[in-house]
Amino acid sequence: RNEPLLSEKDSTTVDPGAGSALPDDLTRDSLELPGLSEPELARHYTRLSQMNWSVEAGPYPLGSCTMKYNPSFADAVAADPNAAVHPDRDPETVQGNLELLHGLQEYLATIGGMDAVTLQPPAGAAGEFTGIAVAKAYHEHHGTDKSEVIIPASAHGTNFATAAMAGYDVVELPSGEDGRVDVAALEAAVSEDTAALMLTNPNTVGLFERNITEIAEVVHDAGGLLYYDGANLNALLGRARPGDMGFDIMHYNVHKTFATPHGGGGPGAGPVGVVEELAPFLPRPRVREVNAASGGDADGADASTAADGGALAGHDHGTADEAGGAAYELFDPEQSIGKVHGFSGNWLVLIRAYAYIRRLGDEGLLDASAKATLNANYLASLLDLEVPYGPFHHEFAATAGERDAADVAKGMLDYGVHPPTTKWPEMVPEAMLTEPTEVENKRSLEDLANAFNEAFADTDEELHAAPSKTASRRVDQTSAARNPRLSWHALEAARGASENASGE
Amino acid sequence: RNEPLLSEKDSTTVDPGAGSALPDDLTRDSLELPGLSEPELARHYTRLSQMNWSVEAGPYPLGSCTMKYNPSFADAVAADPNAAVHPDRDPETVQGNLELLHGLQEYLATIGGMDAVTLQPPAGAAGEFTGIAVAKAYHEHHGTDKSEVIIPASAHGTNFATAAMAGYDVVELPSGEDGRVDVAALEAAVSEDTAALMLTNPNTVGLFERNITEIAEVVHDAGGLLYYDGANLNALLGRARPGDMGFDIMHYNVHKTFATPHGGGGPGAGPVGVVEELAPFLPRPRVREVNAASGGDADGADASTAADGGALAGHDHGTADEAGGAAYELFDPEQSIGKVHGFSGNWLVLIRAYAYIRRLGDEGLLDASAKATLNANYLASLLDLEVPYGPFHHEFAATAGERDAADVAKGMLDYGVHPPTTKWPEMVPEAMLTEPTEVENKRSLEDLANAFNEAFADTDEELHAAPSKTASRRVDQTSAARNPRLSWHALEAARGASENASGE
Amino acid sequence: MSGRSAGASGSPFAPHTADETAAMLDALGVDDEADLFDIPDEVAFDGAFGIPQRDERTVRADLRETFARNDDLTEFLGRGHYSHYVPAVVDDLSARSEFLTSYTQYQPEITQGFLQALFEYQSILVELTGLPIANCSMYDAATALAEAALLSDRLRSTSGSTVLVPEGLRDGKRGTLDSYVDGSDLTVETYPYVDNTADLDAIADAVGEDTAFVYAETPTVTGAIEPALAAIGDLAEDDDALFCVGSDPVALSLLEEPASVGADVVVGEAGALGLPASYGMGLGLFACTEEHLRQVPGRLVGKSEDADDRRAFTLTLQTREQHIRKERATSNICTNQAWVALRAAMHAAYLGPEGLVDLAEDCVRDAASVAASLDALDGVTAPLDDRHHFREFTVGVDDAPGVAEGLAERGFAVHTLDDETLQVCVTDLNVEAADDLVAAFAEVTN
Amino acid sequence: MSGRSAGASGSPFAPHTADETAAMLDALGVDDEADLFDIPDEVAFDGAFGIPQRDERTVRADLRETFARNDDLTEFLGRGHYSHYVPAVVDDLSARSEFLTSYTQYQPEITQGFLQALFEYQSILVELTGLPIANCSMYDAATALAEAALLSDRLRSTSGSTVLVPEGLRDGKRGTLDSYVDGSDLTVETYPYVDNTADLDAIADAVGEDTAFVYAETPTVTGAIEPALAAIGDLAEDDDALFCVGSDPVALSLLEEPASVGADVVVGEAGALGLPASYGMGLGLFACTEEHLRQVPGRLVGKSEDADDRRAFTLTLQTREQHIRKERATSNICTNQAWVALRAAMHAAYLGPEGLVDLAEDCVRDAASVAASLDALDGVTAPLDDRHHFREFTVGVDDAPGVAEGLAERGFAVHTLDDETLQVCVTDLNVEAADDLVAAFAEVTN
């Protein structure tokens, strides 16, 4: 049964201007909105929640989305009322916040093998944009005019859109036969116009780019920078670091790697790490220890201490604090690209990422990549669907072959699981890009494999009729797009129009 | 689909004695229990929750259970870490807790028209037991030997069980023709053996006992006490007080009247209020203001101040606190019956009740009874079922007539509502005791009436087959009772036995 | 600020708009809700309690201020109310409204979730106690003990009427027991402790034909692990008395299961799992042998089948209960502590058997270690007995109230038992502060 | 303490038992998970970050300590980050895992709940802005403004390339706008304020054929309500420039709806509803006219039907988005602020139109009243302009940094704009402390 819209539960019209302290010409005449009592509100949203899948409902194996379990304790930490402060507070009065931000900058730097990190980008795509803007600023600062960003065909759509937003032309690099970057093709593609190569590793079908050192050399030799898309970092935690592979810039997807909740679409956070020479271009402000300020290039210094490892265990409190002064301060990197968010990014998300990293530690981070990879390979081994390429790391792209991957996905819904990402990447026909993550166990993977195999074995007729056990049956996408109805006002108008029509 | 048992998800056996610091003869040899990772645990209980009705799922019109919406803010208040203290703390160091308990004692006293209140009983039935024990102690203190408690036939089962637990014989009073107490029958029933009459008002079919003053006189003249069962207090909030009607003792059901969550069965709280002369018999300890200690009979004094009204608005802080000393203290009533709980009752529940009363205030409390009564009468007016007696207050007992009330209830399940209490009280044949409470609105009552009427119109065959849209279909009660299987050990044993049997 | 819930006059939780109210009144043919009330004038009240309505923000702020008035002390307190760290996931899951705002499972078809959770809770207690029957909960350890004593009064197998309990029983338990047996034929007698556990010889003397019920605790109220449970059980059995053991689920994870020492009933405080410190709020554990099944107080969840023959759970054997059996019920209990039981089961399943045993073992080792550190101080003796301890132990000092006050000034709360005896309880929640406690003891006793 | 999640070595959130891991490795024919990794030695890392594993209790305690290091000040701060009291029910409902731990609604059949909630959010913004299209959210007001500017660059109807914004624009907005337009053909120019709102003459001079986009805020960054919106809109229209208004949903509840003054796009900070103070985390409001539907950045939820012809919702017009259109997408945005939008809608529905208007009206009255109290002090002028104000206003003093420091010492945080100007923001969350603030001002400026 459908849940009525808020507007179907109540609709109240008021005249905001009446009795206002403001003059009439500044106020509106009418406001028509629903107002629900608390019991009604609770039932409305409880009912809506019951029509929604979540990580706590079951497997969520969306390839390249890395939907991991989001631990409860991190939510509790983020709800601390002492953390709920205004962004314009004098930094000396919010040393707790700065301590956390500084600690997270360090953690991310060492995990990525980077020298300096900004936490400002509010999502992965914003991180990409920030990273490419940094690359652009770097090239401009060095007086080199670059116009192209090279992106493998199998890359995330955000890479292409980001490069375009930053004003670059996109050079698409076809996949090699083995599913990896074709170095020869890359060599053909690079030129003095190459600002950067954007790459994710392991790539979108779970393959490690074994030639990464060579790739880095090709790009660097052409004067380009190497950008790491952090979407698949969960597969590498503790096993390889983008910085060590030759990447100059990377973004981190905290919900993918550090288990922050995705909230049905967001908020996320997309911190960006860079090597030392790019640090001066990061967005402003960043956080540093007060006594680090005098040390010349503070950025590099911070991060290399962090990378030593020792500092991370005990960076809890800044040392200057004892005397009552501030231990941490904000500073603007010298050639900063400026801002990419109105304030400091998605604070409540950053808190959770920091808490998660502290909870897991080296041991947990290493085990996360181990079990994520074990799970992907085990699941792939159970499927009746063909899985090209491999062995994989954290994800794989099965092919539905003659079947329509989207239909198979709808069929899977009736088996009580969330299906994988479908029809992407395009290098695998009718792809079902599957990433179970480390949070599923053997039984759960076997149940998931069963759903795959059962749906795959269904007839086309059965699949077209699927799903039938869900809150809604197959939803008509074409109707939605052809005749956009994007608010209850539009529904009301449509109803009015059809009533008029039938009245004539 | 069923959710597997915890034990079906994991079963791990350990030897607790191995490696223990304790000698072998003190430790057990084996412990076999499930151990789930956090993601598994989260999914298990999320799935279980999805198979459970709640106030936030929809109407919960269980007559005499008063299932109201439980406001979120009260949960937030109860989660305050500063309130999470050990019961053996020196009272001087937990003045916050004592302040709340004292405030709640006062609120309840004034709402019930009582002089003194204990918050110790951990549930309504425990409150009844406490109240009857107080009555007994009072009679014994006055050297009068009483052996009987009079209870109307339509009363809650707990009344009977309570009287028996306290060592009294039960004298059952048949209902009068108008559904109320038959004063003549009462006169016939009372004697010098009468310790108390237990009564709820409005009674179980929502009727106010109009002769309450006369009833009180009859009981008091015989030397008995009048006990008020607070189950239906929600109907009277602000309109009449048990103390004013002549009741000497009452219990409050905080989940019924003050919207504390029922938690699938508990915890509740069953504070007991008494008139001044019974105050010395209340359980120990109680809370009082420090400066009240010198005032002789502090109990009565407290409560009558409270009843004045003025004190309630501003009793936030004890006055003695300014000097750094304690403002509130614990004291043992002189002739206390002793303890009815190991400590001070269900603290987390009492916090919520206090918060709710402060939120509503006079205005809200009065409106709660108004809307609860309006709702019951409006709902009754919409039903195709016959509703004997009336007009009602907060609840009414419709009759399913020729139909089986329990079957009609099962039929209602398929209409997405929770059915009413069935087959009780017995004075109404095939009763469907219905109490919508004030939290339903007009539309919700109309939907509920529709479910009643639709189910009532179904054929017997259809009702026997109901429900069909629920997590389980009709559950076999007879099988459960005839062959009790009360743990997974029992299921395992049964499985083993049947395997053995089939193996032979 | 107004808004339908935020500032509507009347109850913020009554969702009626003015129009709806008017339409409903109209349908009923009355002008005002007051007209629906059938209350004689002489008992009518004018509604003026003198309690102002407050918005939710004000109530929350006021109560935050109220609770902030509690002193911030590190508690080394136990004696029957124990808490261990409860993982955040237990808070989150148990707070789901489907659990928190549901009622007793009178319609099993739409309450399978809670029923299964309670069935699992029962099963966990069955494993921990070794007894085949565990109910869905009593209010707390004290009321569970009192109900167990009343159970013995109902049995034909026990002819006696004396309830035998330790003389050192915590007041809350003893007082509750006394209240409950007041209406029965039972009388309560005590047996002494030696060296903080049961004096077996005294029990042997005390137990006789007239004994209906023998109760022993492990750990005892001072944390000593009772070494003679089996012997006490034998004594009880010899005279057909019910043998009842008091404990808690964390201790039972490590200690000999009561069934193996002859317990007929096990009671105790199961809130040691799942409940944070809550000023004495508890969860009464109640388990017993198959033989007493029909005499069990409280609710039981059983496995059954639905109309499609699928597994389903339901409240069962309800003919024992007050709503059916009235004055012949096994107890008057109705509302119990179901939600706390849910939390305890969650906590147990989170820890698993390894986690439970580790936690229990820490309760032994940490207590021993802190006792040893205190014992090393001049003028301090700990423990004051020769027993093994679980979580807590007694401490001898010259001036117990003075030491306790000194400790309080330094931010620590301990129990004062008498002029020369303190009691200290060590758990995972305070063990990190144990060194500071010892240092404070050293300062105060110097 | 161990237990599967509590102390297992490795990730506490990987549920594998040792046996399961072994069986899975065996099935794959490898000895160890490390064997599954295909990483060349020269780029392999040894896993030693130097970050110790901690149990959840320790992490929580550590971070509680960390946050306690923030000074406890009563904030009178605004300038783009506003918070009002968020009722507890919004916390509870939005924390339900079905909302919090779900992903983007790529499978509408099992995500109808979130889709409907976002559709309702869109609808509420449509009503508040008067514009027919609102998306599911941008990151914050700054990125929403930047995306709106980029939208103007994509339109054939606007031939210009100049983006005109107030010179007093908050740095975070201006900086973000600059970053975003850096890759486009747009250049940013500013127009001055007089008396803290737009200088209409200056705008008239500045707007021309080359203008692609004109942006005006109400309330402005200093809280002044812009009186000349319609006139600015006319100027923009005259030169076919996109007219964009910045505001927030609380202000829009009371102020003239932007559509009626000719706005083509409305942006702003919708986190003024539903979000507590969160160090700048936001919710980007983005609404526009029907004409620009196919150019909207970000996600849109539309109504559709399912196979049974029942109402159903779905993400729609996805061909605008990066995962389909790649470098020709309307934006690179993917993850947005959906969960914050959910909370904002909940908060709006809780307040209802009366509650929203009351709250907004309080933002006008309280600001005026506190300004008047401050203005009455010697040496203090408030406000520094002749406008109506919403929530906040500027305050003139002799030594602004000194006054701010004095206020901080007394427990209050205000904005310091320059040597002689402070800014004070009054909301329902701090208005009770306003008298104390005024008293502190009196002390400090004396």
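Proteins get letters first, then strands, A, B, ... in listed order; numbering begins at 1 in each. All values below come from the heavy atoms of this structure, side chains included, with hydrogens, waters and symmetry mates left out.
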Review point. Any salt bridge between C/Arg64 and B/Asp80, counting N to O under 4.0 Å?
Key: no
Practice item. Scan side-chain atoms only and decide if B/His418 and C/Gln107 contain a donor-acceptor pair under the 3.5 Å cut-off. Key: no
**Study point:** Interchain contact, C/Ala348 with chain B, by part (heavy-atom threshold 4.5 Å)
**Key:** backbone
**Study point:** C/Leu300, part contacting chain B, at a heavy-atom distance under 4.5 Å
**Key:** side chain
Point to revise | Parallel, tilted or perpendicular: ring planes of C/Phe99 versus B/Tyr45, cut at 30 and 60 degrees | key: perpendicular
Exercise for review: Name the orientation class of the two ring planes belonging to B/Phe73 and C/Phe13 (parallel below 30°, tilted from 30 to 60°, perpendicular beyond 60°).
Suggested key: parallel
Check your understanding: Distance from C/Ser304 atom OG to B/Arg474 atom CZ, nearest 0.5 Å?
Key -> 12.5 Å
Revision key, fill the gap. If one checks every heavy atom of C/Glu327 against chain B at 4.5 Å, the contacting part turns out to be both
Point to revise | Over all atoms of both residues, closest heavy-atom pair of B/Ala125 and C/Asn332 | key: O-ND2, 2.9 Å
Review point. Where does B/Leu413 contact chain C at under 4.5 Å (heavy atoms): side chain, backbone, both or neither?
Key: side chain
Revision key, fill the gap. Rounding to 0.5 Å, atoms NZ (B/Lys371) and OG1 (C/Thr21) come to a distance of 4.5 Å
Exercise for review: Could you look at C/Ile225 and say if it's the side chain, the backbone, both or neither that has a heavy atom under 4.5 Å from chain B?
Suggested key: side chain
Check your understanding: Under 3.5 Å, is there a donor-acceptor pair between the side chain of C/Thr176 and the main chain of B/His341?
Key -> yes
Revision key, fill the gap. Cut-off 4.5 Å, heavy atoms of chain C, and the answer for B/Leu207 is neither
Revision key, fill the gap. d(C/Ile39 CD1, B/Met245 CE) to nearest 0.5 Å is 6.5 Å
Review point. Quick one: what part of C/Val364 sits under 4.5 Å from any heavy atom of chain B, side chain, backbone, both or neither?
Key: side chain
Point to revise | Straight-line distance of B/Phe208 CZ to C/Asp38 CG, nearest 0.5 Å | key: 8.0 Å
**Study point:** chain C contact via B/Pro122 - side chain, backbone, both or neither, heavy atoms under 4.5 Å
**Key:** both
Review point. Any salt bridge between B/Arg359 and C/Glu56, counting N to O under 4.0 Å?
Key: no
Check your understanding: Roughly how far apart are C/Glu33 CD and B/Thr373 OG1, rounded to 0.5 Å?
Key -> 9.0 Å
Point to revise | Interchain contact, B/Pro283 with chain C, by part (heavy-atom threshold 4.5 Å) | key: neither
Exercise for review: Please look at C/Ser83 and chain B and tell me whether the side chain, the backbone, both or neither of the residue comes under 4.5 angstrom of a heavy atom of that chain.
Suggested key: neither
Review point. How far apart are the closest heavy atoms of B/Leu26 and C/His388, and which atoms are they?
Key: CD1-CD2, 3.6 Å
Check your understanding: Under a 4.0 Å N-O cut-off, is there an ion pair linking B/Arg358 with C/Asp62?
Key -> yes
Point to revise | Under 4.5 Å from a heavy atom of chain B, the part of C/Arg299 involved | key: side chain
Review point. With distance as the sole test, does B/Asn346 use its side chain to make a donor-acceptor pair with the main-chain N or O of C/Met281 at under 3.5 Å?
Key: no
Review point. Given B/His44 and C/Gln116, is the side-chain contact (heavy atoms from CB on, under 4.5 Å) satisfied, shown in steps?
Key: CA-CA 11 Å; B/His44 181 68; C/Gln116 179 169 336; 3.8 Å; yes
Study note, to complete from the structure: Correct closest heavy-atom pair for C/Val357 and B/Val14 would be CG2-CG2, 3.9 Å
Practice item. Select one option (side chain, backbone, both, neither) describing which atoms of C/Leu73 are under 4.5 Å from chain B's heavy atoms. Key: both
Check your understanding: Is it the backbone or the side chain of B/Lys68 that comes under 4.5 Å from a heavy atom of chain C, or both, or neither?
Key -> neither
Check your understanding: chain B heavy atoms under 4.5 Å from C/Leu254: which part of the residue, side chain, backbone, both or neither?
Key -> both
Check your understanding: With distance as the sole criterion, is a donor-acceptor pair present between the side chains of C/Thr335 and B/His262 under 3.5 Å?
Key -> yes
**Study point:** Pairwise side-chain contact, B/Leu100 with C/Phe67, heavy-atom cut-off 4.5 Å (strictly under)
**Key:** yes
Review point. Is C/Asp306 reaching over with its side chain to a backbone N or O of B/Val475, donor-acceptor style, under 3.5 angstrom?
Key: no
Point to revise | Evaluation steps, side chain to side chain donor-acceptor pair (under 3.5 Å), between B/Thr158 and C/Gln322 | key: CA-CA 5 Å; B/Thr158 47; C/Gln322 47 74 28; 4.6 Å; no
Revision key, fill the gap. Between B/Cys65 and C/Tyr103, the two heavy atoms sitting closest are SG-OH, 3.2 Å
Exercise for review: Check whether C/Ser179 gets within reach of chain B through its side chain, its backbone, both or neither, counting any heavy atom under 4.5 Å.
Suggested key: both
**Study point:** Contact origin within B/Leu366 toward chain C - heavy atom pairs under 4.5 Å
**Key:** side chain
Review point. Do the non-hydrogen side-chain atoms of B/Asn82 and C/Thr66 ever get within less than 4.5 Å of each other?
Key: no
Exercise for review: Can you label the angle between the B/His86 ring and the C/His81 ring as parallel, tilted or perpendicular, going by 30° and 60°?
Suggested key: perpendicular
Practice item. Measure B/Asp476 against the heavy atoms of chain C and call it side chain, backbone, both or neither at under 4.5 Å. Key: both
Check your understanding: Heavy-atom distance under 4.5 Å to chain B: side chain of C/Ile124, backbone, both or neither?
Key -> both
Point to revise | Nearest heavy-atom neighbours spanning B/Arg473 and C/Glu109 | key: O-CG, 3.3 Å
Review point. What are the two closest heavy atoms between C/Gly175 and B/Arg284, and how far apart are they?
Key: CA-NH2, 4.3 Å
Point to revise | C/Tyr180/B/Phe129 under ring-ring contact (aromatic ring centres under 6.0 Å, His included): CA gap, chis, key distance, verdict | key: CA-CA 9 Å; C/Tyr180 270 58; B/Phe129 177 74; 4.9 Å; yes
**Study point:** C/Asp92 portion near chain B, given a 4.5 angstrom heavy-atom threshold
**Key:** neither
Review point. Does any non-hydrogen side-chain atom of C/Pro12 lie less than 4.5 Å from one of B/Leu360?
Key: yes
Review point. Chain C heavy atoms under 4.5 Å from B/Ser49: which part of the residue, side chain, backbone, both or neither?
Key: both
Point to revise | Side chain / backbone / both / neither for C/Arg96 at chain B, heavy atoms under 4.5 Å | key: side chain
Check your understanding: Measuring heavy-atom distances to chain C, does B/Val170 have an atom under 4.5 Å in its side chain, in its backbone, in both, or in neither?
Key -> side chain
Point to revise | Side chain, backbone, both or neither of B/Asp90 within contact of chain C (heavy atoms, under 4.5 Å) | key: neither
Point to revise | Region of C/Gln112 that comes under 4.5 Å of a non-hydrogen atom in chain B | key: both
Practice item. Check whether the side chains of B/Glu440 and C/His16 place a donor and an acceptor atom closer than 3.5 Å, and report yes or no. Key: no
Exercise for review: Keeping the roles fixed (side chain from B/Arg28, backbone from C/Leu128), state whether a donor-acceptor pair exists under 3.5 Å.
Suggested key: yes
Review point. Just checking, any donor-acceptor pair under 3.5 angstrom between side chains of C/Thr316 and B/Gln477?
Key: no
Practice item. Hey, could you give me the OG1/CG distance between C/Thr111 and B/Leu48, rounded to the nearest 0.5 Å? Key: 11.5 Å
Check your understanding: So, do B/Ile337 and C/Asp178 sit near enough that their side-chain heavy atoms are less than 4.5 Å apart?
Key -> no
Review point. Quick check: does any side chain N or O of C/Glu98 sit under 3.5 Å from a backbone N or O of B/Asn52, one acting as donor and the other as acceptor?
Key: no
Review point. So which part of B/Tyr378 gets closer than 4.5 Å to some heavy atom of chain C, the side chain, the backbone, both or neither?
Key: both
